[in-house]
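By convention in this document, chain letters (A, B, ...) are assigned in the order of the sequence lines, proteins followed by strands, and residues within each chain are numbered from 1.
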Amino acid sequence: MDIDPRAARFGAAISTAVLAVVLVTGSGWLLAAQALVFAIGALAGLRYAPYGAVYRYLVRPRLGPPARTEPAAPPRFAQGVGMVIAAVGVIGYAAGVTVLGAVCAALALAAAFLNAAFDYCLGCQIYLFIQRIRPAA
Amino acid sequence: MHDAASALNTNVTGGVIALLVALAAATAIGAVFRHRQGRLRPVQGTRGGRPGGRPAADGVLTRADLGAPLGEHGTLVQFSTAFCARCGPTRRVLGQVAAQLEGVSVVEIDAAARLDLTRRLHVYATPTVLVLGPDGTIVSRTAGQPRKTDLIAAIAGGLPTTWTDNV
């Protein structure tokens, strides 16, 4: 399935804003909500991604069809990376280890910001990193 | 009460600092990425080069390494993964260059399936593109999507003669 790349960057911009509020307020609940958003995109697929729905109904009608489309697999994988990092952060905030929560929220924010501002998918690069650190068979 | 308020303050301050650090770090990474992405750099130490270059074995790819024949005038090798946002556009650019230049072939390698090559060639990011000379020597490389003109220049640089006439 191919996606409108502008939808992915729009979603990343919303994620950046939400994660900024998480850091300033230290709200584990808001980070949990963002983790859920990542989880829906990663597990159910990008067509169900909440920020993507906002884009489709509110933004895309004003922009028109995209000039090009992109495969869905890379951003979907990156949402999975975001989900794991955000989930660890939620555990941190819930357990009172605020530093862990903040570090995870900051990592997710940096990745989302790179996506939104530079069209660079940091989460996608994690895939090869994970493959590389597996012991040689 | 005062303690609780000051604890809250400390947390807010820590959060704001974390936010600023994350934004600054991401901006720096993004700027470096934008500057370096797709910029072909010559690989030294392999072509009668300088001391301190990579060992020769790392600097040459054979037909056996690639699982495909080398191009007569040069080979473009792309390392990709299934979760690589810029691999598709990069594949198209390499295909265009190969279609335009006689004797230049393209080999795409699944970096996750060929961890032997990935590790040996220090491939950390996808796409990574290597430009090989006619004998399989790695002439230059880049991470990211290179420009067509840079690829053509790099291929020409890997050739011994003034082959650039037919470019």
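If you measure heavy-atom distances from B:Phe33 to chain A, the contacts under 4.5 Å come from the side chain alone. Contact of B:Ala25 with chain A is not made at all, since no heavy-atom distance falls under 4.5 Å. For chain A, the nearby parts of B:Val123 are the backbone and the side chain; heavy atoms of each come within less than 4.5 Å. For A:Phe129, no part sits under 4.5 Å from any heavy atom of chain B, backbone or side chain. Heavy atoms of B:Leu19 lying under 4.5 Å from chain A belong to its backbone as well as its side chain.
The candidate from B:Gly144, B:Gly14, B:Ala125 with the greatest count of non-hydrogen atom pairs under 4.5 Å with chain A is B:Ala125. Looking only at heavy-atom pairs under 4.5 Å with chain A, the residue among B:Val16, B:Ile17, B:Thr118 that has the most is B:Thr118. Comparing A:Leu19, A:Ile130, A:Asp119 by heavy-atom pairs within less than 4.5 Å of chain B, the highest count is held by A:Asp119.
Residues A:Leu128 and B:Phe79 fail the side-chain proximity criterion, which asks for heavy atoms closer than 4.5 Å. A heavy-atom distance below 4.5 Å is not found between the side chains of B:Leu70 and B:Ser105. Proximity of A:Arg60 to A:Phe10: side-chain heavy atoms (C-beta onward) are nowhere separated by under 4.5 Å.
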> Does the pair A:Val21 and A:Ser27 meet the rule for a side chain to side chain contact (heavy atoms under 4.5 Å, CB included), with working shown?
Replying inline: CA-CA 8 Å; A:Val21 175; A:Ser27 168; over 6 Å; no
>> Go through it in stages, so that I can follow the logic: the residues are B:Leu115 and A:Arg132, the test is side chain to side chain contact (heavy atoms under 4.5 Å, CB included), and I'd like the CA-CA distance, side-chain angles, deciding distance and then a yes or no.
In response: CA-CA 7 Å; B:Leu115 286 175; A:Arg132 285 192 58 140; 4.3 Å; yes
> After noting the C-alpha distance and the side-chain angles of B:Arg91 and B:Leu94, does the key distance pass the side chain to side chain contact (heavy atoms under 4.5 Å, CB included) rule?
Replying inline: CA-CA 5 Å; B:Arg91 182 182 307 129; B:Leu94 301 197; 6.0 Å; no
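Closest non-hydrogen pair, B:Gly71 versus B:Thr75, comes out as N-OG1, 2.8 Å. Considering all non-hydrogen atoms of both residues, B:Asp135 and B:Val60 come closest at O-CG1, 3.9 Å. Closest non-hydrogen pair, B:Ser80 versus B:Gln78, comes out as OG-NE2, 3.0 Å.
Summarising the local packing, CD of A:Gln131 is surrounded by more than 12 heavy atoms from other residues, nucleotides or ligands at distances under 6.0 Å.
Contacts from residues 71-96 of chain A to chain B, taken as heavy-atom pairs separated by less than 4.5 Å, involve A:Ala73, A:Pro74, A:Phe77 in sequence order.
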